[in-house]
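Please read all numbers here as calculations on a predicted model, not as lab measurements.
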Amino acid sequence: TNTLVTELKTCPTDETENLPVFLIILQNPIILDKVINYDIATKLCIALIRLPRTSRNYLFGWIYKISTDFFRDVLNFLQNFITYIIRESKSISNITCAVYLLKHMYEINNSDSNIYELDTNNGKIVPNSLFYNDALSRSNTLKSQYEKYRSSFYEWSIIRYPFLLDVDAKREIIRLD
């Protein structure tokens, strides 16, 4: 898996016929395991974020069409990766790629478009609550993230991605304001 993920850099991603390699990798039990291999997960997230947006739309659409459970598994992989980074390295700055991918999945999940033929979860692929990340919501950096958010539009802050925060975390942020 590590070799395959490393070779993704050389795979031309502007052709949809090359995208199934991502499906193969994402179905690998090593990827879907709750125990995160940091190197593999980092390389995979970087490769996914480097895909042109249209290619990512195709890929995530295919993921959903394979099954709602597979969409949920990919969502859980990204959530577990974020949780691992926060708990192990205590640095929010290392989660940027995974957050952007979750944002893309969240947009697809909440799309009004009929592209994904949604008919469950009130028109969503999965409930929005699955996007909440407990480690982020309980992070002791929410105050500093809020200060970054307030000080500069250009500074990256988790506060710009409220779909990742549960109600209690959002309540805390409102108190800070």
- Query: Given side chains that start at C-beta, do those of Trp62 and Phe70 come closer than 4.5 Å, heavy atoms only?
  - Reply: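 No - every pair of side-chain heavy atoms lies 4.5 Å or more apart.
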- Any donor-acceptor N/O pair, Glu155 side chain to Glu147 backbone, under 3.5 Å: no
- Message: Nearest 0.5 angstrom please: Leu136 CG to Ile86 CD1, how far?
- Response: 3.5 Å
- Task: Please work out which of the three classes, parallel, tilted or perpendicular, describes the rings of Tyr146 and Tyr149, given edges at 30° and 60°.
- Result: tilted
- Message: One pair to check against side-chain contact (heavy atoms from CB on, under 4.5 Å): Lys103 and Val99. What are the steps and the verdict?
- Response: CA-CA 6 Å; Lys103 179 179 183 257; Val99 168; 5.5 Å; no
- Query: Can Val74 be reached from Ile108 by stepping across I, L, V, M, F, W or Y side chains whose heavy atoms are under 4.5 Å apart?
  - Reply: yes
- Message: How long is the straight-line distance from CD1 of Ile95 back to CG of Leu78, given to the nearest 0.5 Å?
- Response: 11.5 Å
- Relative to the ring of Tyr161, is the ring of Tyr100 parallel (under 30°), tilted (30 to 60°) or perpendicular (over 60°)?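 Taking Tyr161 first and then Tyr100, their aromatic rings stand perpendicular (interplane angle over 60°).
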- Query: To the nearest 0.5 Å, how far apart are CD1 in Ile159 and CD1 in Ile173?
  - Reply: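 Here the interatomic distance stands at 3.5 Å.
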- To the nearest 0.5 Å, tell me how far Cys97 SG sits from Arg50 CZ.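 One gets 8.0 Å once the value is rounded to the nearest 0.5 Å.
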- Query: Around Lys170, counting heavy atoms of other residues, nucleotides and ligands shown, do more than 12 lie under 6.0 Å from its NZ?
  - Reply: yes
- Query: Transitively linked via ILVMFWY side-chain contacts under 4.5 Å: Val126 with Leu165?
  - Reply: yes
- Item | CG on Leu19 to CD1 on Ile24, rounded to 0.5 Å | 11.5 Å
- Do you know which two heavy atoms are closest between Ile158 and Gln145, and how far apart they sit? N-OE1, 2.8 Å
- Item | pair Leu164-Gln79: side-chain heavy atoms closer than 4.5 Å | yes
- side-chain contact (heavy atoms from CB on, under 4.5 Å) with Leu75: which of Leu102, Asn80, Ile63?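 So the option named by the test is Leu102.
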- Item | Sub-4.5 Å side-chain heavy-atom contact between Ile49 and Arg56 | yes
- Task: Flag the pair Leu44 / Phe81 as yes when at least one side-chain heavy-atom distance between them is below 4.5 Å, and no otherwise.
- Result: no
- Query: Taking the side chain as C-beta and beyond, is there a heavy-atom pair between Leu51 and Tyr58 under 4.5 Å?
  - Reply: no
- Task: Please work out which of the three classes, parallel, tilted or perpendicular, describes the rings of Tyr38 and Tyr84, given edges at 30° and 60°.
- Result: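 Tyr84 vs Tyr38 ring planes: tilted.
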- Query: How are the rings of Tyr64 and Phe71 set to each other: parallel, tilted or perpendicular (split at 30° and 60°)?
  - Reply: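 Correct class here is perpendicular.
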- Message: Would you say CZ of Arg160 has more than 12 non-hydrogen atoms from neighbouring residues, nucleotides or ligands within 6.0 angstrom?
- Response: yes
- Query: Can you hop from Phe131 to Ile125 via hydrophobic side chains spaced under 4.5 Å?
  - Reply: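 Phe131 and Ile125: one cluster.
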- Query: Would you say Ser157's side chain and Lys148's backbone share a donor-acceptor pair under 3.5 angstrom?
  - Reply: no
- Within a strict 4.5 Å, meaning less than it, do heavy atoms of the Leu48 and Phe22 side chains meet?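 Yes; the side chains approach each other to less than 4.5 Å.
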- Looking at side-chain heavy atoms only, is the closest gap between Phe60 and His104 below 4.5 Å? yes
- Query: Would you find a donor on one side and an acceptor on the other, under 3.5 Å apart, between the side chain of Glu172 and the backbone of Leu142?
  - Reply: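 Answer holds: no.
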- Query: How many angstroms lie between atom NZ of Lys124 and atom OG1 of Thr68, to the nearest 0.5 angstrom?
  - Reply: 14.0 Å
- Query: Does a donor on one side chain sit under 3.5 Å from an acceptor on the other, for Asn133 and Thr83?
  - Reply: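 A pair is found: one side chain offers a donor N or O, the other an acceptor, under 3.5 Å apart.
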- Message: Applying a strict under-4.5 Å side-chain criterion to I, L, V, M, F, W and Y, I'd like to know whether Leu23 and Ile40 cluster together.
- Response: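 Yes, because Leu23 and Ile40 connect within a single hydrophobic cluster, where side-chain heavy atoms sit under 4.5 Å apart.
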- Message: For a quick test of reading the model, state the closest non-hydrogen atom pair linking Ala169 to Ser137 and the distance between them.
- Response: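 In this case the closest contact between Ala169 and Ser137 is CB-O, 3.6 Å.
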- Message: Could you check whether any side-chain N or O of Asn109 sits under 3.5 Å from a backbone N or O of Met105, counting only pairs where one atom can act as donor and the other as acceptor?
- Response: no
